[in-house]
Amino acid sequence: MDRMEAFIRGMPKTDLHMHLEGSLEPEVLIRLGERNKRRLRWKTAQELRAAYEFQDLQSFLDLYYEGCQVLVEEADFYEMTRAYLRAAHAENVIRAEVFLGPQSFTDKGVAIAAVLDSTLEAMDDARAEDGISCGLIVSAQRHRTEQDALDLLEQVRPWFGRILGIGMGGAEKGNPPSKFRRFFRACRREGLRITIHAGEEGPASYVREAVELLGVDRVDHGVACVDDPELMREMAELDIPLTVCPISNLRLKGVPSLSAHPLKKLMDAGLHVTVNSDDPSYFRGYVSDNLVECQRALGLTAEEIVSLVRNGFIAAFIAPAERRAALARLDTYVSGFDWGR
Ligand code: ADE
Ligand code: ZN
């Protein structure tokens with residue numbers, strides 16, 4: 001490992017855009033499938049891993065939702081969450097904000113309490129055992145109706161005090177943010193933070209809708225705004241964070257290579273860019289891998305890497321005292337790092 005890679009891997013960092021369901025490693029997915037007697041198309045982890053070749057977002061989502069059927073019991077959600085937080089802690093993530101989409105499970109008869117309580121319990125244990133700071137964002141699926149999202153919001157009501165907010169993922173094209181205007185207004189009325197995936201496969205106009213129509217706190221992905229210079233100026237002016245996931249964009253063929261990724265263009269235009277993992281198992285990359293690979297492909301300087309990681313702490317849904325402490329910890333790490341020169 002070279003010094004730059006060691007620097008990146010050792011940095012205290014955030015992961016603000018990841019889906020717990022996308023952290024299930026193939027071995028775990030196969031094991032849970034057997035435990036819950038779910039018929040899968042793959043017999044072994046090796047076979048499943050070989051299926052992780054995607055043409056676009058939809059081809060990934062098809063597999064991802066199929067994988068979700070192995071999650072049935074409370075213990076499954078607990079194990080998945082605890083395993084991700086352990087992996088995050090091991091790569092020096094000190095703040096993780098994670099998505100979970102209950103509709104995949106409640107649709108199949110799993111009680112919402114089984115999904116949320118076990119996930120939150122694993123987060124409590126990770127905090128207590130590893131000292132990792134973490135929070136849950138409940139995610140709604142945009143290929144469903146707005147009424148489905150509103151129903152989910154009602155189901156989640158008893159947990160409002162224990163979650164960070166509400167997000168939205170799923171098939172983007174044809175399901176613009178404007179489809180969920182009433183839903184996000186209802187979330188806001190409840191005092192919940194809101195984020196939405198926009199400009200991942202969809203156009204820049206979806207990012208504009210997310211910001212102007214919904215008034216989101218962060219845009220997940222948001223990379224398409226590189227196509228609209230006026231929007232980029234507005235995003236920079238408003239300082240709305242983008243939770244970018246470069247390896248995800250590469251695997252879903254949003255970009256032909258990481259060297260063609262707009263990450264640096266967005267940074268140079270003054271946007272609040274953060275780097276995150278999205279679905280680390282399916283895309284073969286945790287947040288440190290994303291930073292290392294972007295540094296190499298785009299020739300980012302150590303200062304630019306530090307700026308991306310700082311942006312993560314600034315964009316995190318944490319109290320000012322925690323933010324100050326995290327930024328101080330980052331500064332201490334950066335100034336004390338031995339470059340061997
Ligand atoms: N759900 C999980 N990963 C996603 C992604 N990359 N885009 C939209 N929805 C998702
Ligand atoms: Zn995502």
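All ligand and atom numbering here is 1-based and tracks the order in the structure.
- H19 lies close to the Zn ion (ligand 2), since one of its N, O or S atoms is found at a distance under 2.8 Å.
- Counted by atom type alone, Q69 and S104 present zero donor-acceptor pairs between their side chains at under 3.5 Å.
- Contact analysis leaves F99 out of contact with ligand 1, as no non-hydrogen atom separation drops below 4.0 angstrom.
- At least one heavy atom of G170 sits closer than 4.0 Å to an atom of ligand 1.
- In terms of protein heavy atoms, atom 5 (C) of ligand 1 is closest to E200 OE2, 3.5 Å.
- Side-chain contact between F60 and D279: present, with at least one pair of heavy atoms (C-beta onward) separated by less than 4.5 Å.
- For residue C245, no N/O/S atom approaches the Zn ion (ligand 2) to within less than 2.8 Å.
- Around the CD atom of E237, the shell of radius 6.0 Å holds no more than 12 heavy atoms that belong to other residues, nucleotides or ligands.
- Counting heavy-atom neighbours within 6.0 Å of R127 CZ, excluding the residue itself, gives a total above 12.
- Residues H221 and Y206 place their aromatic rings such that the two centres sit no closer than 6.0 Å.
- Classified by interplanar angle (parallel below 30°, tilted 30° to 60°, perpendicular above 60°), the ring pair F180/F183 is perpendicular.
- Taking 2.8 Å as the threshold, D278 counts as a candidate ligand of the Zn ion (ligand 2), since one of its N, O or S atoms lies below it.
- Ranking protein heavy atoms by distance to atom 3 (N) of ligand 1, first place goes to D279 OD2, 2.7 Å.
- Here the heavy atom of the protein found nearest to atom 1 (N) of ligand 1 is H19 CE1, 3.6 Å.
- The angle H197:NE2 - the Zn ion (ligand 2) - H17:NE2 amounts to 90°, with values rounded to 10 degrees.
- The residue from N311, D220, T274, T195 that alone fulfils the side chain to side chain donor-acceptor pair (under 3.5 Å) condition with T243 is D220.
- Note on ligand 1: H221 sits in its first shell, one or more heavy atoms being nearer than 4.0 Å.
- For ligand 1, the atoms closer than 4.0 angstrom to any heavy atom of D278 are 3 (N), 5 (C), 6 (N).
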Practice prompt. I would like to know whether E97 and R193 meet salt bridge (Lys or Arg N to Asp or Glu O under 4.0 Å); could you show each step before the answer?
Written response: CA-CA 12 Å; E97 300 184 0; R193 297 181 186 92; over 6 Å; no
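- Of all atoms in ligand 1, numbered sequentially from 1 with element shown, those under 4.0 Å from a heavy atom of G169 are 9 (N).
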